Amino acid sequence: MPVSAVDQRLEQEHLAFTLAVQRAVAPDPSATACWSPLSVAGALGLTAAGARGATKAELAQLLGGDLQENATLLARAAQLDDDAIVGVTNTLWAREDIPVRPEFAQELLTAWPGGAIRDAPFTTDPAGARRLINADVADTTHGLIPELLGPGDITADTIAALVNALYLKVAWRNVFPDHGTERRPFHSFEDSGDVPTMRLTKQLGYAATHDWQAVFLAACGGVEAVALLPEASLTEAEPALTGHVLAALFGSRALRQVDLYLPKFRVRGRADLTASLADLGVRTLFGPDADLGGISDEPLVVSKVLHEAVLTIDEQGLEGAAATAVVMRMMAVARRPEPP
């Protein structure tokens with residue numbers, strides 16, 4: 001099916017968002033990083049749906065412009081074929097006495113995959129509220145993320161949290177033969193040595209342009225994994241990578257006979273995105289001028305944005321999970337005394 005101009009623009013905007021956050025989260029290209037653009041974009045997009053004024057504008061600038069189009073794109077990404085195991089939840093956890101605006105509740109429950117609103121005893125039992133949220137995330141992620149929120153992330157000052165969680169498990173269309181996996185040399189920035197390396201010789205999607213190579217690994221459910229390899233050192237090539245270059249790689253693929261050697265691996269990453277988002281221009285959300293009046297009439301401000309992701313690649317397929325929490329507290333409002 002031909003890709004529409006709107007879809008192409010949204011893809012390039014999402015790729016630009018991915019690269020921007022990647023460089024803020026992992027500024028050192030030699031360091032291993034693992035995070036989910038889909039989960040972070042989902043949590044920020046849902047936050048933007050309840051934001052106003054400069055708060056909303058800064059989130060829209062980072063996410064790529066049209067928030068409604070982005071929300072539709074994210075919802076569509078969760079609609080996979082039956083041969084993929086996928087789960088997505090978008091939950092507003094709120095103190096039971098915090099009124100949620102009907103318009104926000106309607107959008108969350110009808111337009112966002114797995115949308116839900118749940119009570120949590122943030123003030124009376126912050127540890128219990130943390131356990132509730134962590135248990136829900138663990139359930140969505142099939143236990144891969146058992147503790148998104150650590151001790152101290154939820155306090156008695158917390159009154160709400162927007163949490164996105166997702167899980168995906170799919171098999172390759174072209175399974176790597178088990179007998180092809182052997183320990184082979186692998187060189188990283190930290191170390192070099194022999195690691196379990198899979199091998200597949202097959203007709204695969206392949207592209208080479210702008211000093212990058214890309215191999216496209218089709219999986220069930222309409223999912224596709226893309227492995228990128230620069231011609232130069234990663235520390236030189238990664239900072240120059242742009243959304244335009246990625247889009248050119250994706251758009252120039254062709255079927256080629258490929259002899260692919262790919263290490264099997266499992267990676268996990270945790271990040272407090274608060275400072276990274278501020279570096280990317282999302283500042284009002286965390287300060288006294290925050291406007292989240294689309295969520296509630298109560299004066300809310302975001303205290304932190306937390307993220308965790310895990311990804312496993314082996315001969316049979318891929319399994320991944322991610323979760324992002326936007327934690328909110330009540331903003332202190334200074335009131336001037338009335339004149340006598």
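Just so you know, these numbers come straight off a predicted model, no measurement behind them.
- Across all their heavy atoms, Ile133 and Ala161 have their closest contact at CD1-CB, 4.4 Å.
- Between Arg184 and Asp194 no salt bridge is recorded (no basic side-chain N to carboxylate O distance below 4.0 Å).
- Leu292 is not connected to Leu306 by any chain of hydrophobic side-chain contacts under 4.5 Å among Ile, Leu, Val, Met, Phe, Trp and Tyr, and they are in different clusters.
- Under a 3.5 Å cut-off, the side chain of Asp125 and the backbone N or O of Pro121 do not form any donor-acceptor pair.
- The two residues Ala156 and Thr123 have their closest heavy-atom pair at O-OG1, 3.7 Å.
- Looking at Ser296, its side chain never comes within 3.5 Å of a backbone N or O of Val100 through a donor-acceptor pair.
- Nearest heavy atom pair, residue Asp66 against residue Glu69, reads OD1-N, 2.9 Å.
- Separation of atoms NZ (Lys202) and CD (Gln257) is listed at 8.5 Å; rounding is to 0.5 Å.
- Nearest heavy atom pair, residue Pro263 against residue Met198, reads O-CE, 4.2 Å.
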Exercise answer: donor-acceptor pairs, residues 273-286 side-chain atoms, under 3.5 Å, sequence neighbours excluded:
unit_1: Thr274; atom_1: OG1; unit_2: Asp272; atom_2: OD1; d: 2.6
unit_1: Thr274; atom_1: OG1; unit_2: Val305; atom_2: N; d: 3.1
unit_1: Ser276; atom_1: OG; unit_2: Ala24; atom_2: O; d: 3.3
unit_1: Arg283; atom_1: NE; unit_2: Ala278; atom_2: O; d: 3.2
unit_1: Arg283; atom_1: NH2; unit_2: Ala278; atom_2: O; d: 3.4
unit_1: Thr284; atom_1: OG1; unit_2: Glu58; atom_2: OE1; d: 3.2
unit_1: Thr284; atom_1: OG1; unit_2: Glu58; atom_2: OE2; d: 2.7

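- Atom CG of Leu162 sits about 5.0 Å away from atom CG of Leu92, to the nearest 0.5 Å.
- Listed for the His307 side chain is a donor-acceptor partner under 3.5 Å among the backbone atoms of Ser36.
- Between Arg118 and Asp136, at least one side-chain N (NZ, or NE/NH1/NH2) sits under 4.0 Å from a carboxylate O, which counts as a salt bridge.
- Residues Val223 and Leu80 meet the side-chain proximity criterion, which asks for heavy atoms closer than 4.5 Å.
- Residues Leu318 and Ala225 share a closest heavy-atom pair of CD2-CB, 4.1 Å.
- Residues Lys56 and Leu67 meet the side-chain proximity criterion, which asks for heavy atoms closer than 4.5 Å.
- Each of Thr89, Thr140, Thr91, Asn90 was checked for a side chain to side chain donor-acceptor pair (under 3.5 Å) with Asn164, and the lone residue meeting it is Asn90.
- The neighbour count for His142 NE2, taken as heavy atoms of other residues, nucleotides or ligands under 6.0 Å away, is above 12.
- We find the CG-CE distance between Leu300 and Met330 to be 7.0 Å, quoted to the nearest 0.5 Å.
- Hydrophobic clustering (side-chain heavy atoms under 4.5 Å, transitive across Ile, Leu, Val, Met, Phe, Trp, Tyr) groups Ile98 together with Ile117.
- Ala75 pairs by the side-chain contact (heavy atoms from CB on, under 4.5 Å) definition with Pro113, not counting sequence neighbours.
- Residue Gln61 places its CD atom among 12 or fewer non-hydrogen atoms of other residues, nucleotides or ligands, all under 6.0 Å distant.
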Mind running side chain to side chain donor-acceptor pair (under 3.5 Å) on Trp35 and Glu308 for me, showing each step along the way?
-> CA-CA 7 Å; Trp35 67 282; Glu308 184 172 355; over 6 Å; no

When you look at Glu319 and Arg266, which way does the salt bridge (charged side-chain N to carboxylate O under 4.0 Å, His left out) test go after all the steps?
-> CA-CA 9 Å; Glu319 182 182 33; Arg266 179 185 177 90; 5.0 Å; no

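- Here the NE2-CD distance, from His179 to Glu315, works out to 11.0 Å after rounding to the nearest 0.5 Å.
- With sequence neighbours excluded, the residues satisfying side-chain contact (heavy atoms from CB on, under 4.5 Å) with Thr72 are Gln68.
- Within the 4.5 Å cutoff, no side-chain heavy atoms of Thr181 are placed close to those of Thr197.
- Using a 4.5 Å heavy-atom threshold, the side chains of Tyr261 and Thr201 count as separate.
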Check the pair Ser39 / Thr324 against side chain to side chain donor-acceptor pair (under 3.5 Å), numbers first and verdict last.
-> CA-CA 6 Å; Ser39 179; Thr324 308; 2.8 Å; yes

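- Both Val267 and Leu262 are assigned to one and the same hydrophobic cluster, defined by single-linkage of ILVMFWY side chains at heavy-atom distances under 4.5 Å.
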Any chance you could lay out the side chain to side chain contact (heavy atoms under 4.5 Å, CB included) test for Thr141 and Val137, step after step, and finish with the verdict?
-> CA-CA 6 Å; Thr141 62; Val137 170; 4.2 Å; yes

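- In this structure, Pro288 and Val301 have side chains that are not in contact, with every pair of non-hydrogen atoms separated by 4.5 Å or more.
- Residues Thr32 and Phe265 fail the side-chain proximity criterion, which asks for heavy atoms closer than 4.5 Å.
- A distance-only check finds a donor-acceptor pair linking the side chain of Thr158 to the backbone of Thr155 [under 3.5 Å].
- Partner of Asp153 under the salt bridge (charged side-chain N to carboxylate O under 4.0 Å, His left out) criterion, chosen from Lys304, Arg329, Arg130: Lys304.
- With contacts defined as side-chain heavy-atom distances shorter than 4.5 Å, the pair Leu255/Tyr206 does not qualify.
- In Arg256, the CZ atom is not crowded: 12 or fewer heavy atoms of neighbouring residues, nucleotides or ligands sit closer than 6.0 Å.
- Applying the salt bridge (Lys or Arg N to Asp or Glu O under 4.0 Å) test to residues at least two apart or on different chains, the pairs with a partner in residues 155-174 are Asp83-Arg173.
- A donor-acceptor pair under 3.5 Å is formed between the side chain of Thr55 and the backbone N or O of Asp291.
- A single hydrophobic cluster is not seen to contain both Met328 and Phe122; linkage of ILVMFWY side chains at heavy-atom distances under 4.5 Å, directly or through other members, places them apart.
- Between Leu109 and Ala116, the closest heavy-atom pair is CD2-CA, 3.8 Å.
- Within the 4.5 Å cutoff, side-chain heavy atoms of Ile154 are placed close to those of Val327.
- Residue Leu59 holds its CG atom at 11.0 Å from CG of Asn70, rounded to the nearest 0.5 Å.
- Residues meeting the side-chain contact (heavy atoms from CB on, under 4.5 Å) test with Ala138, sequence neighbours left out: none.
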CA sep, side-chain torsions, deciding dist, call: Trp112, Glu107, side chain to side chain contact (heavy atoms under 4.5 Å, CB included) = CA-CA 7 Å; Trp112 289 82; Glu107 178 172 349; 3.5 Å; yes

Can Lys264 and Asp314 be said to form a side chain to side chain contact (heavy atoms under 4.5 Å, CB included), step by step?
-> CA-CA 5 Å; Lys264 56 188 297 186; Asp314 61 21; 4.2 Å; yes

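- Hydrophobic clustering, with ILVMFWY side chains joined whenever heavy atoms are under 4.5 angstrom apart, keeps Ile159 apart from Leu132.
- By the ring pair (Phe, Tyr, Trp, His ring centres under 6.0 Å) test, Phe216 is found to be paired with Phe250, residues two or more places apart in sequence or in another chain being considered.
- Remark: Glu182 does not engage Arg199 in a salt bridge, criterion side-chain N to carboxylate O under 4.0 Å.
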Check the pair Leu229, Trp212 against side chain to side chain contact (heavy atoms under 4.5 Å, CB included), reporting the backbone distance first and the verdict last.
-> CA-CA 6 Å; Leu229 181 67; Trp212 285 82; 5.8 Å; no

